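Counting starts at 1 for both ligands and their atoms, in listed order. Quick caveat: nothing in here was measured; it's all calculated off a predicted structure.
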Amino acid sequence: MTAPAATAGPDRKAAAPPASASATFGVYVHWPFCSSKCPYCDFNSHVAEAVDQARWARALVADLAHYAEDTSERIVTTVFFGGGTPSLMRPETVATVIDGIKGLWSCAPGMEISMEANPSSAEIAAFPDLKAAGVTRLSVGVQSFNDAALTALGRRHDAAAARRALAGARDHFQEFSFDLIYARPGQSEAAWRQELREALEFAGPHLSFYQLTIEPGTPFHKDGVQAADGETGAALFDATQDILGGAGLPAYEISNHARPGHECRHNLNIWRGWDYVGVGPGAHGRLALGSPDSRDDRGTHQIHNPDRWLEKIETQGHGTAKRRKLSARDRARERIIMGLRLSEGMDRARFRAQTGAEVLDFIDDRALNASLDVGYVTLDDARFAATAEGRLRLNGLLAALLKDDGED
Ligand SMILES: C[S@@+](CC[C@H](N)C(=O)[O-])C[C@H]1O[C@@H](n2cnc3c(N)ncnc32)[C@H](O)[C@@H]1O
Ligand code: SF4
């Protein structure tokens, strides 16, 4: 099938995209507000008394316009509204941002526009308007189907609200997903298997399962809350692979499962190492601006604090804190770290096109052979991949595999 033609947009630059860039180009928009702060969460999310949404919409579009100056020849294929809780954006705010994107870049037909949502009644009521604003894919933060677990996680909603949100998501969005957190304190494998079976009753084409992490600085950390131990965490991960694989929703990434063809295209492109713009407080982006002969990859970081981000946009026209050049080594190591998260692993030819280097140049021979022997990785001419056993212990595996070049 040939690639679909892009829609025309106003005032396009005639220049061709850099040859090291992909046919995919993502836009990430961070909305940093929530109705309450969950005690386990260290995302850039804040509870604000009042948010001037029209002002925020203008600022987000200004931040987008700043990045469009360098990338206006690219064709946007995916947009992701993350947070925080972006489903608290008013539909007109969402529409303004989407219209801003469409005015700044050409957009591919069938562009995926994902949004994270919390299961509150106000947000559920807004699903039709969010869809009318342009959202095509919803990801609902269910976290658990067990009321006691939701209370322990400090969530404002109960399991009944989560079920209502999933019914609403199913009614309005062909593509929808939900998140569950596992390896919670005291959670047994039997209880998780039961929760997974319940999840399957409500499942659409995509599900995410995040192992609880206790992040420094969070109330959970201060209170000494302990996630399930490593052995239990591993058993729960294995149970997830087993039950979801059997139900036709295999893992395509460590924490993400989908029916084939229903993966989140935005995240998949990032894990495959393609580039994207990131706007909003604390967002980061990756831009491939050079050519294969003269590579110029940039990592961009927006100001973290929402008030300071807003102030910088309004005084200087952008919210960027740092825009750093990525070395060949940075590019390669980052792509390996991302690529081994995926069940498909790394496409070695794509890695060559993206970095100009060979993936094995960055891999320690002895660790590779040992990992092949125990079945943590697979390697052939086309692909280098971590197996499910390898993905379960990916941090340790990467620490062993990545050559120690003394630069960290
Ligand atoms: C950035 S949150 C946004 C979603 C939405 N605000 C919500 O809470 O439903 C995305 C997901 O990250 C997961 N998450 C956040 N903190 C976590 C932690 N410490 N451990 C495991 N998962 C976590 C939750 O499953 C959450 O749904
Ligand atoms: S988990 Fe979601 S709702 Fe809770 S504080 Fe984090 S971003 Fe906000």
Exercise. Is there a donor-acceptor contact under 3.5 Å from the side chain of H301 to the main chain of K322?
Worked result: no

Problem set entry | Centroid-centroid under 6.0 Å between Y252 and H206 rings | yes

Problem set entry | 4.5 Å side-chain heavy-atom contact, Y182 and S255 | no

Problem set entry | Donor-acceptor side-chain pairing of E123 and S120 below 3.5 angstrom | yes

Exercise. Which is closest to atom 20 (N) of ligand 1 by heavy-atom distance: T213, N44, T85?
Worked result: T213

Exercise. Against heavy atoms of L212, which atoms of ligand 1 measure under 4.0 Å?
Worked result: 20 (N), 21 (C)

For this session: Before signing off on this row, confirm whether G84 and ligand 1 have an N or O atom pair separated by under 3.5 Å.
Result: yes

Seminar exercise, completed: Residue, atom and distance of the protein heavy atom nearest atom 23 (C) of ligand 1 read I181 CD1, 3.9 Å

Exercise. At under 4.0 Å between heavy atoms, which part of C38 makes contact with ligand 2: side chain, backbone, both or neither?
Worked result: both

For this session: Say whether R335 and Q354, considering side chains only, have a donor N or O and an acceptor N or O under 3.5 Å apart.
Result: yes

Problem set entry | Distance-only polar pair, side chains of T387 and E389, donor-acceptor under 3.5 Å | no

Exercise. Cut-off 3.5 Å, side chains only: do R184 and Y40 have a donor facing an acceptor?
Worked result: no

For this session: Please assess E116 against S139 for the test side chain to side chain donor-acceptor pair (under 3.5 Å), listing each intermediate value before the final yes or no.
Result: CA-CA 5 Å; E116 293 177 336; S139 175; 5.6 Å; no

Problem set entry | Shortest heavy-atom approach to atom 5 (C) of ligand 1 - which of L88, N118, V142 | N118

Exercise. Taking the six-membered ring for Trp, is the centroid-to-centroid distance between F209 and W192 below 6.0 Å?
Worked result: yes

For this session: Answer yes or no: is there a donor N or O on one side and an acceptor on the other, between the side chain of E253 and the main chain of R341, under 3.5 Å?
Result: no

Problem set entry | Validation row, ring centre Y276 to ring centre W274 under 6.0 Å | no

For this session: Could you say whether the N/O atoms of E215 and ligand 1 ever approach to under 3.5 Å?
Result: no

For this session: Would you mind running through ligand 2 and noting each atom that sits below 4.0 Å from a heavy atom of Y40?
Result: 1 (S)

For this session: May I ask you to identify the nearest protein heavy atom to atom 6 (Fe) of ligand 2, giving residue, atom name and distance to one decimal place in Å?
Result: C41 SG, 2.3 Å

For this session: Could you tell me which atoms of ligand 2, counted from 1 in the order shown, lie closer than 4.0 angstrom to a heavy atom of N118?
Result: 3 (S)

Seminar exercise, completed: the protein heavy atom lying closest to atom 8 (Fe) of ligand 2 turns out to be C34 SG, 2.3 Å

Exercise. Does an N or O from Q143, backbone or side chain, lie closer than 3.5 Å to an N or O of ligand 1?
Worked result: yes

Exercise. Given that the side chain starts at C-beta and the backbone is N, CA, C, O, which of these parts of S36 lies under 4.0 Å from ligand 2, counting heavy atoms, or is it both or neither?
Worked result: backbone

For this session: Starting from atom 13 (C) of ligand 1, find the nearest protein heavy-atom neighbour and note its residue, name and distance.
Result: Y210 CD1, 3.8 Å

For this session: Please work out which of R155, E116, H157, Q143 has its closest non-hydrogen atom nearest to atom 2 (Fe) of ligand 2.
Result: R155

Exercise. Closer than 4.0 angstrom: is that true for some heavy atom of G84 and an atom of ligand 2?
Worked result: yes

Exercise. Which residue and non-hydrogen atom of the protein lie closest to atom 17 (C) of ligand 1, and at what distance in Å?
Worked result: Y40 CD1, 3.6 Å

Exercise. Once the angle between the rings of W309 and W56 is folded into 0 to 90°, is it parallel (under 30°), tilted (30 to 60°) or perpendicular (over 60°)?
Worked result: parallel

For this session: For atom 1 (C) of ligand 1, find the nearest protein heavy atom and state the residue, atom name and distance (0.1 Å precision).
Result: G83 O, 3.1 Å

For this session: May I ask you to decide if the ring planes of Y28 and H266 are parallel, tilted or perpendicular, using 30° and 60° as cut-offs?
Result: tilted

For this session: If you have a sec, work out which protein heavy atom is nearest atom 8 (O) of ligand 1 and how many Å separate them, to one decimal?
Result: R155 NH1, 2.9 Å

Seminar exercise, completed: Among non-hydrogen protein atoms, atom 15 (C) of ligand 1 lies closest to F43 CE1, 3.3 Å

Exercise. Is the F362 to F384 ring centre distance short of 6.0 Å?
Worked result: no

Problem set entry | ligand 1 N/O within reach of D179 N/O, cut-off under 3.5 Å | yes

Exercise. Is there any N or O on E116 that sits under 3.5 Å from an N or O of ligand 1?
Worked result: no

Exercise. Hey, looking at atom 21 (C) of ligand 1, which of E123, Q211, R184 has the closest heavy atom?
Worked result: Q211

